[in-house]
There are 2 protein chains.
Amino acid sequence: MLSHTEENYLKALLKISTQNEGKDEAGTNEMAANLGVKPATATDMLKKLKEKGLVDYEKYGKITLSAEGKKNALAILRKHRLWETFLSKKLDFSWDEVHEVAEQLEHIKSEKLVDKLEEFLNFPEFDPHGDPIPKANGEIPVIKNTLLAAADVGTLYKVTAVKDTSSVFLKYLEKLNINIGTKIKVIEKISFDDSFVIEVNEEFKTNISLKFAKSLLVN
Amino acid sequence: MLSHTEENYLKALLKISTQNEGKDEAGTNEMAANLGVKPATATDMLKKLKEKGLVDYEKYGKITLSAEGKKNALAILRKHRLWETFLSKKLDFSWDEVHEVAEQLEHIKSEKLVDKLEEFLNFPEFDPHGDPIPKANGEIPVIKNTLLAAADVGTLYKVTAVKDTSSVFLKYLEKLNINIGTKIKVIEKISFDDSFVIEVNEEFKTNISLKFAKSLLVN
DNA sequence: TACATTTGTTAGACTAGTCTAACTTTATTA
DNA sequence: TAATAAAGTTAGACTAGTCTAACAAATGTA
Ligand SMILES: [Mn+2]
Ligand SMILES: [Mn+2]
Ligand SMILES: [Mn+2]
Ligand SMILES: [Mn+2]
């Protein structure tokens, strides 16, 4: 049985190793930063997880999830995203509020609970941030989407997911009336400061920064 | 912020101090037994909880909840019973399965979650075992009920709650088709072995032990 | 009231998870 | 390629929560 803490390390490793296309590994400092602990602490835990056969790791080397570790990490991610969906769909939490609570709920141990919850939610494929929810067998629904920053000028897209789930960003989106499913068209790219003019929902135009455009996924 | 463990101690103390009419206190061994730890461990924790002003406790003396401690304990009990209700009503858990999972869910920290959950469940007053769910302000709905063991012969009662929530007992009730709300009439008290003949749901008669009769609350 | 039993406490040890400070290895770059 | 910087590890210490073994206090009983 994995401890709350061990689970968080595995999830962090999964997150880091999937965030940059085909990266699939992490470093000690990166792990530590992600978990809000000191590198020395991460080193200790990594040794322990290696002992348990959950990560592949050699001193001074890169860290990757073992098959067993990945299975566990996916199970936690699955729970996290199902709970986020529950909070959002059933309890009216806004998309910037769900993460913190799901961070706790993801550690509840009960296979039955997860599967019943999934059923209760009608087998959702994506969480409130547009992220895919792993199935019980570990499969992850795929959607091919692009960064808004890489979108073609003049084409009508729909928002599929947010890459940045920070509260500031989500609240800003809310203010702009942008949500999953919102229609977006890039009207113009401003080379001067790499900003964009976009049209939201065919209703109004606004200027957004490159940082913003790199934080939204569309299709 | 209370730890998971501290919360369990407070809840155990609340449970012990309310279980026997007007008892309102507990001993170290009792606490330890209830929590599945050794008395030495309980002593240590009790000192800590006293330091934090959550329990009243003098060396070798009886243990009681302080006002602050009671507030916290009630909040945990509230969460426990709301989650049990959720599992039972929304996810089709049977009444012998809810406790174990609620034992974990009761520690999730989010005022908003509890209150939204309560709303989502339509402000239930009693959990699947018939136990009252404390309100956000700490008030506890009351029902006056009696042990089936003390019921009058010939009077028609309804089951209001179970005193014993062990899996064996609940599964046995299930087999007898007895649930919260089931109609029960005591047909006869057998003095030979202190057992009872009861009629369930005006459908069939069965013989039950004194232990059984002391584990069901009716009204 | 004295002895025995029950109840509760203390001391010392252990594990999980964390930290700081010092050190080592690997990577970068002048 | 040698110096510097960045990344990672080790050693030692601390806290929370637990245990066992020995002891002390309170209670029950003859
Ligand atoms: Mn977590
Ligand atoms: Mn999410
Ligand atoms: Mn608990
Ligand atoms: Mn209950």
Side-chain angles (χ1 to χ4, degrees), chain A residues 1-13 15-17 19-20 23-65 69 72-73 76 103-104 106-107 109, chain B residues 1-13 15-17 19-20 23-65 69 72-73 76 103-104 106-107 109:
Chain A
M1 182 78 63
L2 297 177
S3 74
H4 186 117
T5 311
E6 289 168 330
E7 291 191 340
N8 282 337
Y9 277 81
L10 291 182
K11 198 182 56 149
L13 181 46
K15 187 176 171 192
I16 294 170
S17 22
Q19 72 192 3
N20 293 318
K23 185 163 173 279
D24 208 41
E25 55 175 39
T28 304
N29 287 355
E30 221 173 353
M31 288 285 287
N34 209 284
L35 291 157
V37 299
K38 291 286 140 73
T41 307
T43 300
D44 285 349
M45 181 57 85
L46 258 359
K47 283 191 222 164
K48 194 174 138 199
L49 293 174
K50 183 205 162 113
E51 273 325 295
K52 290 200 172 188
L54 297 163
V55 305
D56 296 319
Y57 163 64
E58 294 304 329
K59 212 197 267 189
Y60 293 107
K62 285 301 173 185
I63 307 147
T64 54
L65 282 167
N72 280 282
I76 302 157
E103 205 56 47
Q104 301 176 58
E106 71 192 0
H107 302 290
K109 263 116 183 147
Chain B
M1 183 79 61
L2 297 178
S3 73
H4 187 116
T5 311
E6 291 168 329
E7 290 190 341
N8 281 337
Y9 276 81
L10 292 182
K11 199 182 55 150
L13 181 47
K15 187 177 171 192
I16 294 170
S17 22
Q19 72 192 4
N20 294 317
K23 185 164 172 281
D24 207 41
E25 55 176 37
T28 304
N29 288 354
E30 221 173 354
M31 288 285 287
N34 209 282
L35 290 158
V37 298
K38 292 286 140 74
T41 307
T43 300
D44 285 349
M45 181 57 85
L46 258 359
K47 284 192 222 165
K48 195 175 137 198
L49 292 175
K50 184 206 161 111
E51 273 325 297
K52 290 198 172 190
L54 296 163
V55 306
D56 295 320
Y57 163 64
E58 293 305 330
K59 212 198 269 191
Y60 293 105
K62 286 300 173 186
I63 306 147
T64 54
L65 283 166
N72 280 282
I76 302 157
E103 204 57 46
Q104 300 176 59
E106 72 192 0
H107 301 290
K109 263 116 183 147

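Throughout, a chain's letter reflects where its sequence line sits, starting with A, and its residues are numbered from 1.
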To the nearest angstrom, how far is A/Glu58 atom CD from C/dT26 atom P? 12 Å

Counting N and O atoms only, with roles assigned by atom type, does the side chain of B/Lys50 sit under 3.5 Å from a partner on the main chain of B/Tyr57, one being a donor and the other an acceptor? yes

In whole Å, what is the span from the NZ atom of A/Lys52 to the C1' atom of C/dA16? 10 Å

Atom of B/Met1, atom of B/Glu6 and distance for their closest heavy-atom approach: O-OE1, 4.1 Å

Check for a donor-acceptor pair, side chain of A/Lys109 on one end and backbone N or O of A/Leu2 on the other, with a separation under 3.5 Å. yes

Would you mind reading off the distance between B/Glu25 atom CD and C/dG8 atom P, rounded to a whole angstrom? 10 Å

N/O (side chain, A/Lys62) to phosphate O (OP1/OP2, D/dA7) under 4.0 Å: no

So what does B/Thr41 hit on the nucleic acid, given a heavy-atom distance under 4.0 Å: a base, only sugar-phosphate, or nothing? base

Do B/Glu25 and B/Glu30 come close enough that some side-chain heavy atom pair is under 4.5 Å? no

So does A/Tyr60 get a side-chain nitrogen or oxygen closer than 4.0 Å to the phosphate oxygens (OP1/OP2) of C/dC23? no

Can you measure A/Asn29 atom CG to D/dA6 atom C1' for me and round it to whole angstrom units? 8 Å

Rounded distance (Å) that lies between atom P of D/dG12 and atom CG of A/Asp44: 13 Å

Does a nitrogen or oxygen in the side chain of A/Thr28 sit under 4.0 Å from OP1 or OP2 of D/dT9? yes

Phosphate-side-chain proximity, A/Tyr9 and C/dT18, N/O vs OP1/OP2 below 4.0 Å: yes

Remember a base hit wins even if backbone is also touched, and classify A/Thr5 as base, sugar-phosphate or nothing at under 4.0 Å, heavy atoms. sugar-phosphate

When the distance from OH of A/Tyr57 to C1' of C/dT25 is rounded to whole Å, what number comes out? 12 Å

Whole angstrom is fine here: how far is it from NZ in A/Lys59 over to P in C/dT24? 11 Å

Determine: side-chain N/O of B/Lys47 to OP1/OP2 of C/dT9, distance under 4.0 Å, yes or no. no

A/Val37 vs A/Met31 side-chain heavy atoms within contact, under 4.5 Å: no

Can you tell me how far P of D/dT9 sits from NZ of A/Lys50, to the nearest Å? 11 Å

